[in-house]
Amino acid sequence: MAVVIDGKEAAASVIAAVTEATAFLERETGVKPGLAVVIVGNDPASHAYVNSKSKMAKQCGFNSIQHSLAEETTQEELEELVAGLNADPAVHGILVQLPLPKHLKAEPVILSISPEKDVDGLHVVNAGKIATGDLETGLISCTPAGAMLLVHRIHGRDLSGLNAVVIGRSNLFGKPMGLLLLAANATVTMAHSKTKDLASVCRNADILVAAVGRPQMVKADWVKPGATVIDVGINRVPAPDKGEGKTRLVGDVSYADAADIAGAITPVPGGVGPMTIAMLMANTVVAAYRTAGKTAPRF
Ligand code: GUN
């Protein structure tokens, strides 16, 4: 049976460090980290995510600002709001929740955020810094940063000699995750929907990272015995055993079977999920330290 990687506990220790760093910064400089979260439209799942981000920001001692915009918001209105937040010295981090309603283009909005305030790490300047191996001066996308923290807990800082396979190539997760593994000296394969014989590619992985958004797609016989399995999927599926109309969350990995083969595995929920919000808080306090001219803490 694999070691179950406790994301809730890892996230709580990041949050404790962020809270302490926030108090120190305010004491030393009077600067209170400010996080502005922007949501457009009425998607209930997105509202739930955003509310938990705003709540956690308050818990860390930040100035937490939430902008909830109507579904009909125009591209110009959204970019004007971002421009105002860019210019506001009390705001150190800006997050525009994705996906946006269909009539809005995400890319120009992301590019309109000041890279220094892009706590999502999605601006091309921040993506480019990871791609060129600069992990020090930019902001790293929260879910891959959180997944890496879990990988480092199992394998230490240096992944030399280990094969890592990332399934999924999104800008939000797969690409930065592959680059972070590479920067830590892993030998990285980026697999995706067009990969030939995905199962045998995965069987080569000492570190297998699944981010495909397909419930329980990764089967136990895709897992190399003893491998570390990081499941980034959060899929809601019907759970008739819990009662009519009930659902449950499952990952992209067939957890119960894979846990018999893996050396370490993240559960869903309670694995990578809690790390995303924790790393968002970490990025915000880092951005505030930089603005105040102080050396930022590391997480
Ligand atoms: N929607 C789902 N995950 C994320 C995230 O990490 N950042 C943003 N901005 N939107 C999301």
Side-chain angles (χ1 to χ4, degrees), residues 7 11 14-15 35-57 64-69 73 75 78-79 81-82 85-86 91-102 104-127 130 138-150 166 168-177 179-180 209-214 230-236 249 251-252 266 268-269 271-284 286-287 299:
V14 171
I15 292 296
L35 174 63
V37 178
V38 180
I39 178 161
V40 187
N42 308 313
D43 179 61
S46 289
H47 272 272
Y49 281 133
V50 160
N51 289 341
S52 52
K53 288 170 185 175
S54 297
K55 196 169 143 205
M56 186 63 86
S64 173
I65 309 132
Q66 188 169 322
H67 292 271
S68 301
L69 305 184
T73 301
Q75 190 84 29
L78 180 54
E79 288 177 26
L81 172 64
V82 171
L85 297 171
N86 281 338
V91 171
H92 304 96
I94 303 169
L95 178 140
V96 178
Q97 184 69 15
L98 303 174
L100 291 170
K102 285 207 168 36
L104 296 173
K105 291 194 190 77
E107 198 56 31
V109 177
I110 291 165
L111 291 179
S112 76
I113 299 171
S114 293
E116 301 76 27
K117 297 190 178 189
D118 167 40
V119 282
D120 246 344
L122 297 179
H123 193 286
V124 70
V125 166
N126 287 315
I130 308 185
L139 292 163
I140 300 174
S141 186
C142 306
T143 307
M148 279 307 287
L149 201 142
L150 300 180
V166 181
R169 53 176 162 174
S170 66
N171 289 335
L172 198 58
F173 183 81
K175 280 182 206 158
M177 186 70 196
L179 290 165
L180 292 174
V209 185
V212 277
R214 298 247 216 121
I230 306 289
D231 190 349
V232 187
I234 302 177
N235 310 287
R236 193 162 281 286
L249 291 179
D252 292 346
T266 60
V268 176
V272 176
M275 297 304 294
T276 301
I277 292 188
M279 299 318 284
L280 175 67
M281 302 303 136
N283 276 347
T284 306
V286 164
F299 295 94

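Each ligand, and each atom within it, is numbered from 1 in the order the structure gives.
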Participant: Using a 4.0 Å heavy-atom cut-off, say whether Val96 meets ligand 1 through its side chain, its backbone, both or neither.
Facilitator: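 It is the backbone that gets close, since no side chain atom is under 4.0 Å.
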Participant: What residue and atom, counting heavy atoms only, is the protein's closest point to atom 8 (C) of ligand 1, and at what distance?
Facilitator: Asp120 OD2, 3.2 Å
Participant: Quick check for you: to the nearest 0.5 Å, what is the distance between Thr284 atom OG1 and Lys117 atom NZ?
Facilitator: 11.5 Å
Participant: Report the C-alpha separation of Gln66 and Ser54 in whole Å, then their side-chain angles, then the decisive distance to 0.1 Å, and conclude whether the side chain to side chain donor-acceptor pair (under 3.5 Å) test is met.
Facilitator: CA-CA 7 Å; Gln66 188 169 322; Ser54 297; 2.7 Å; yes
Participant: Check this for me: Arg236, atom CZ, are more than 12 non-hydrogen atoms of other residues, nucleotides or ligands nearer than 6.0 Å?
Facilitator: yes
Participant: Looking at atom 3 (N) of ligand 1, what's its closest protein heavy atom, distance included?
Facilitator: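 That would be Leu172 CD2, 4.0 Å.
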Participant: Can you find an N or O of Thr276 that's nearer than 3.5 Å to an N or O of ligand 1?
Facilitator: no
Participant: Specify the protein heavy atom at minimum distance from atom 10 (N) of ligand 1: its residue, its atom name, and the distance to 0.1 Å.
Facilitator: Leu98 N, 3.0 Å
Participant: Measuring from His67:NE2 to Ile39:CD1, what's the distance to the nearest 0.5 Å?
Facilitator: 13.0 Å
Participant: For the atom pair OG1 (Thr143) and CE (Met275), what is the distance rounded to the nearest 0.5 Å?
Facilitator: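 If we round to the nearest 0.5 Å, Thr143:OG1 and Met275:CE are 10.0 Å apart.
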